[in-house]
Amino acid sequence: AMERSYASLFLLLIVISCALAKDAGKKDSKDTAAKPKLPQTLSRGWGDQLIWTQTYEEALFRAKHSQKPLMIIHHLEDCPHSQALKKVFAEHKDIQKLAEKFILLNLVYETTDKNLAPDGQYVPRILFIDPSLTVRADITGRYSNRLYAYEPSDISLLYSNMQKALKLLKTEL
């Protein structure tokens with residue numbers, strides 16, 4: 001087991017040094033100063049260009065103060081359904097563009113907030129929370145037994161649900 005942990009530590013060091021080397025080359029461009037980007041690991045592959053929050057608490061705080069809706073993706077790295085959805089989500093240009101209007105969080109663990117599991121703790125599931133910090137239980141996918149689940153084939157429904165989360169916001173605030 002000792003070798004395992006050394007190997008993973010070594011890998012981590014490689015990853016960190018690669019990241020540092022990459023950043024060093026970009027110092028002179030202006031946009032990095034204006035918009036500090038978080039390490040891409042926070043995206044976990046759901047959209048490396050997007051800005052992801054680190055914790056649920058941070059996401060709620062940002063949603064409230066920026067008046068942007070929050071989109072939370074619950075998934076697991078070893079779940080084939082999560083992986084399949086992640087792939088189409090990350091490759092969908094319109095979704096990636098629209099996602100910039102949200103506070104974003106993807107989680108590989110459950111929070112203690114029961115409101116994030118209105119009908120159970122399954123993955124993948126996607127929930128929207130408005131800036132008043134109300135879970136939008138009305139924005140659902142197409143499955144009655146798993147209301148917030150999406151399959152790769154439901155990607156256009158997810159896109160229209162994202163639009164809905166933004167639209168309702170404007171009329172309510």
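The chain is numbered in sequence order, starting from 1.
Taking NZ of Lys167 as the start and OG of Ser160 as the end, the distance is 8.5 Å to the nearest 0.5 Å. Between Thr111 atom OG1 and Gln121 atom CD the span is 8.0 Å, to the nearest 0.5 Å. Once rounded to the nearest 0.5 Å, the distance linking CZ of Arg136 with CE of Met71 reads 13.5 Å. Taking CG from Asp119 and CG from Leu147, the interatomic distance works out to 4.5 Å, rounded to the nearest 0.5 Å. Rounded to the nearest 0.5 Å, atoms NE2 (His81) and NE2 (His75) are 15.5 Å apart. Interatomic distance, OH of Tyr159 versus CD of Gln96, reported as 12.0 Å (0.5 Å rounding).
In this structure, Met162 and Ile95 approach most closely via the heavy-atom pair CE-O, 3.8 Å. Residues Ala63 and Pro131 come closest through the heavy atom pair O-CB, 3.6 Å. Heavy atoms only, all atoms of each residue included: Val123 and Cys79 are closest at CG2-SG, 4.0 Å. Shortest non-hydrogen contact noted between Arg44 and Glu77 is CD-OE2, 3.5 Å. When every heavy atom of Thr53 is checked against every heavy atom of Arg62, the shortest pair comes out as CG2-CD, 3.7 Å. Between Arg125 and Leu116 the shortest heavy-atom distance is NH2-O, 2.8 Å.
Proximity of Gln49 to Lys97: side-chain heavy atoms (C-beta onward) are nowhere separated by under 4.5 Å. Between Leu85 and Ile126 the shortest side-chain heavy-atom distance falls below 4.5 Å. At least one side-chain heavy atom of Asn161 sits under 4.5 Å from a side-chain heavy atom of Tyr150. You'll find the side chain of Gln67 stays beyond 4.5 Å of the side chain of His65, heavy atoms only. Side-chain contact between Lys68 and Lys101 is absent, with no heavy-atom pair separated by less than 4.5 Å. Residues His74 and Tyr148 have side chains not in contact (no heavy-atom distance under 4.5 Å, counting atoms from C-beta outward). Contact of the Glu151 side chain with the Asp154 side chain is registered, since non-hydrogen atoms from C-beta on lie closer than 4.5 Å.
With hydrophobic clusters built from ILVMFWY side chains whose heavy atoms lie under 4.5 angstrom apart, Leu98 shares a cluster with Ile155. Under the 4.5 Å side-chain heavy-atom criterion for ILVMFWY residues, no single connected hydrophobic cluster contains both Tyr143 and Leu157. Leu104 and Leu133 are not part of a single hydrophobic cluster, where members link through side-chain heavy atoms under 4.5 Å apart. Note: the hydrophobic cluster containing Trp46 does not contain Ile103 (ILVMFWY, side chain heavy atoms under 4.5 Å, direct or indirect links). Cluster membership for Leu70 and Val135, using ILVMFWY side-chain heavy atoms within less than 4.5 angstrom, is shared.
Between Phe89 and Trp52, the two ring planes are tilted [angle within 30° to 60°]. In this pair, Phe128 and Phe102 present their aromatic rings tilted. The plane angle is within the 30 to 60° band.
When atom types are taken as modelled, the side chain of Asn106 and the backbone of Ser43 share a donor-acceptor pair closer than 3.5 angstrom.
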